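Below: one structure, written as structure tokens.
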Amino acid sequence: METWLWSLLDTLSLPQYGLSTLFVVAFVSATLLPMGSEAVLFGLVKLNPELFWPAVAVATVGNTLGGAVSWAMGYGAHRAVDRARGSDTHLHALAWLERFGPKACVLSWLPLVGDPLCAVAGWLKFPLLPCMAWMALGKCLRYLVMTAALLWLLPGDWLAR
């Protein structure tokens, strides 16, 4: 079993599979499912340093599209509740979020609250494209800072140890 697992990991780390694997992991991790994509991004870049910028771009796009799915889930939930109640639904506890509008989606990179924030943005019917732009900015900055910091903190071939 261990040999099979290492073989699979070796295959997925190849540049031709690594970027698509990174996209899927980044996409899924931006939904409400508990998953992180930073380790996959770091591992891919550590094994293939020439893929730094393509990997950051792929992770950003995948994570932003996953955030858009969370937005759509929130929007759909709001519409379903509206139909069930026959009137608009308004959550008073989220009034502060409404004040910031789509710009609040720049915080979608935060652990624990970032992914639900995208769903809440959809619930509040914030416009999708501005939300995605702010999500992309926040997520790209997170990937850039985290990957650059890890590469700086863990230089060399520490995986071979």
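Since the structure is predicted, the reported quantities are computational estimates derived from the model, not experimental observations. Along the sequence shown, residues carry numbers from 1. For the numbers below, each heavy atom of this structure counts, side chains included, while hydrogens, waters and symmetry mates do not.
- The shortest distance between side-chain heavy atoms of Val24 and Phe27 does not fall below 4.5 Å.
- Atom CG of Leu22 sits about 7.0 Å away from atom OH of Tyr143, to the nearest 0.5 Å.
- When all heavy atoms are compared, the tightest approach of Ala121 to Cys131 is CB-SG, 4.1 Å.
- Of all heavy-atom pairs between Pro127 and Pro130, the closest is O-CD, 3.4 Å.
- For residues 110-121, no residue pair satisfies the salt bridge (Lys or Arg N to Asp or Glu O under 4.0 Å) rule, not counting sequence neighbours.
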Side chain to side chain contact (heavy atoms under 4.5 Å, CB included) between Leu107 and Phe100: does it pass, once the steps are laid out? CA-CA 11 Å; Leu107 300 175; Phe100 293 104; over 6 Å; no

Step by step, work out the side chain to side chain contact (heavy atoms under 4.5 Å, CB included) result for Met132 and Leu65. CA-CA 8 Å; Met132 286 181 65; Leu65 290 175; 3.9 Å; yes

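- Side chains of Leu151 and Phe52 form a contact here, defined as non-hydrogen atoms less than 4.5 Å apart.
- Closest approach of Leu41 to Ala55, counting heavy atoms only: CD1-CB, 3.5 Å.
- Across every non-hydrogen atom of Leu154 and Lys46, the tightest pair is O-NZ, 2.6 Å.
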Checking side chain to side chain contact (heavy atoms under 4.5 Å, CB included) for the pair Trp53/Leu144: CA distance, chi angles, key distance, verdict? CA-CA 9 Å; Trp53 289 109; Leu144 282 172; 3.3 Å; yes

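- Taking 4.5 Å as the limit, every side-chain heavy atom of Thr64 sits out of range of all side-chain heavy atoms of Trp134.
- Taking the side chain as every heavy atom from C-beta outward, Ser37 and Arg142 approach each other to under 4.5 Å.
- Nearest heavy-atom pair, Met135 versus Ala68, reported as atom, atom and distance to 0.1 Å: SD-N, 4.0 Å.
- Hydrophobic clustering of Ile, Leu, Val, Met, Phe, Trp and Tyr side chains at less than 4.5 Å, counting indirect connections, keeps Val58 apart from Val145.
- Summarising the geometry of Ser70 relative to Cys118, their closest heavy-atom pair is CB-CB, 3.8 Å, with the distance given to 0.1 Å.
- Side-chain contact between Leu117 and Leu97 is present, with at least one heavy-atom pair separated by less than 4.5 Å.
- Each of Met146 and Val40 belongs to its own hydrophobic cluster when Ile, Leu, Val, Met, Phe, Trp and Tyr are linked at side-chain heavy-atom distances under 4.5 angstrom.
- A distance of 12.0 Å separates CG in Leu137 from NZ in Lys103, rounded to the nearest 0.5 Å.
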